[in-house]
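Just follow the structure's listing: the first ligand is 1, and inside any ligand the first atom is 1. These numbers were taken from a predicted model, which means no experiment stands behind them.
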Amino acid sequence: MKIGFVQSAPVFGEKRLNFDAVCRLLTGYKADLLVLPELFATGYAFTSADEVKGLADSTEGETAEFARQLAVSTGAVIIAGFIERENDCYYNASLMADDSGLLSAYRKIHLFNKEKLWFSPGNRPPEVVRVRDVNIGMMICFDWIFPETCRSLALKGADIIAHPANLVLPWAQQAMVTRCIENHVFAVTANRIGTEQRGDDNFIFTGQSRITGCRGEILASVEDNETCVKTVEIDPSVARDKSVNPYNDLLKDRRSQFYSS
Ligand code: ACM
């Protein structure tokens, strides 16, 4: 299967412009799975709850419809970050859509920095969705720093972890090598580039999106801070064999009775 990421440079508050930029980047691309960055259509550096409110969508809103159309044009399952509104709650969320529409939505469980001012923390466990015979789990950006996120997705059978991101700390790209080795999964980290100077904040997003293999190998990466799409062919079933050698298995050898929760 062909999996990939879009590395884009969202302009704060300009949803239509950001949709169009992703469409342009994906012109002519065909794939099976494409991951877009966290909050790819809205930008990240909010300065008020009203801004969050004004840019939010329901799971049937314009971002989900955009993802469905992108699924039609690329043939891929699309994963993309958005602000999910449900009743009076706003979540930093990620949707999964194919050409028939929404398949799943994940609400970020580990909020970073001032996200805690704007968003409700995710209120459901990260789930694995089986689509086209592949098991896909979603997590968002800072979720990486809690190894439990990837581990619980691996325990639920994820072959691929889709990881939309707006990374500002310098460690996640390397850390995902370890996450993939310790869980024997593939990961697609779709990061954004650019800066957002708003209110007291001046975020510099680190780019370097990448696709990491089950043994920690970098299958695709962007060294430069450019907007681009990268894809690679993988066999997702490789992720299902968790043995390290005839005596060790990454999941069966866990001694959970010795781990405090
Ligand atoms: C982050 O979680 N967006 C750093």
Side-chain angles (χ1 to χ4, degrees), residues 5-15 18 21-22 35-49 51-53 55-57 63 79-85 89-96 105-126 137-153 161-180 187-212 221-222 225 227:
F5 60 75
V6 176
Q7 177 164 289
S8 61
V11 178
F12 186 88
E14 299 289 342
K15 264 179 160 175
N18 295 325
V22 168
V35 184
L36 277 53
E38 178 182 14
L39 299 172
F40 81 97
T42 60
Y44 182 79
F46 306 99
T47 59
S48 72
E51 281 183 349
V52 172
K53 221 171 170 172
L55 292 166
D57 268 323
T63 309
I79 290 180
F82 77 117
I83 305 172
E84 183 188 346
R85 180 187 60 242
C89 289
Y90 297 86
Y91 299 94
N92 183 342
S94 170
L95 60 82
M96 182 188 297
Y106 163 69
R107 298 167 172 170
K108 188 175 185 177
I109 57 174
H110 303 103
L111 297 175
F112 178 72
N113 199 330
K114 287 188 188 169
E115 289 173 29
K116 293 195 176 192
L117 300 181
W118 318 127
F119 298 116
S120 298
N123 52 358
R124 300 187 295 234
M138 295 186 277
M139 67 175 194
I140 301 176
C141 205
F142 193 55
D143 282 331
W144 73 267
I145 211 166
F146 301 89
E148 294 88 346
T149 319
C150 283
R151 175 65 93 199
S152 63
L153 287 171
I161 294 180
H163 183 207
N166 275 192
L167 292 161
V168 291
L169 300 175
W171 307 302
Q173 290 88 342
Q174 296 105 297
M176 287 310 292
V177 170
T178 305
R179 296 288 170 274
C180 288
V188 183
T189 298
N191 196 15
R192 62 162 289 176
I193 62 166
T195 60
E196 278 185 17
Q197 188 165 9
R198 306 194 75 250
D200 303 333
D201 295 313
N202 187 6
F203 290 112
I204 302 170
F205 301 98
T206 59
Q208 298 170 50
S209 299
R210 53 189 52 189
I211 301 171
T212 311
S221 64
V222 204
N225 254 356
T227 59

Fill in: Sidechain N-carboxylate O distance under 4.0 Å for Lys114, Asp201
yes
Response to the item:
Minimal heavy-atom distance between Gln7 and Gln208, with the atoms involved, is OE1-N, 3.2 Å
Worksheet item: Who's the nearest protein heavy-atom neighbour of atom 2 (O) of ligand 1, and how far?
Response: Lys108 NZ, 2.7 Å
Discussion item. Show me which atoms of ligand 1 lie under 4.0 Å from any heavy atom of Glu38.
Written reply: 1 (C), 3 (N)
Practice prompt. May I ask you to check whether His110 and Phe146 place their ring centres under 6.0 Å from each other?
Written response: yes
Discussion item. Any donor-acceptor pair under 3.5 Å linking the side-chain atoms of Tyr44 with those of Asn92?
Written reply: no
Discussion item. Between Arg192 and Glu38 (salt bridge meaning N to carboxylate O under 4.0 Å), is one present in this structure?
Written reply: no
Discussion item. Using a 3.5 Å cut-off on N or O atoms only, is Val168 in polar contact with ligand 1?
Written reply: no
Item to complete: Just need the protein heavy atom nearest to atom 1 (C) of ligand 1, so name the residue and atom and give the distance.
Response: Cys141 SG, 2.9 Å
Discussion item. Is His110 close enough to touch ligand 1? Criterion: a residue heavy atom under 4.0 Å from a ligand atom.
Written reply: no
Discussion item. What I'd like to find out is whether the side chain of Ile79 reaches to under 4.5 Å of the side chain of Leu36, using heavy atoms alone.
Written reply: no
Worksheet item: Using heavy atoms and a threshold below 4.0 Å, how should the contact between Phe112 and ligand 1 be classified: side chain, backbone, both, or neither?
Response: side chain
Fill in: Atoms of ligand 1, numbered as shown, that sit under 4.0 Å from any heavy atom of Glu115
1 (C), 2 (O), 3 (N)
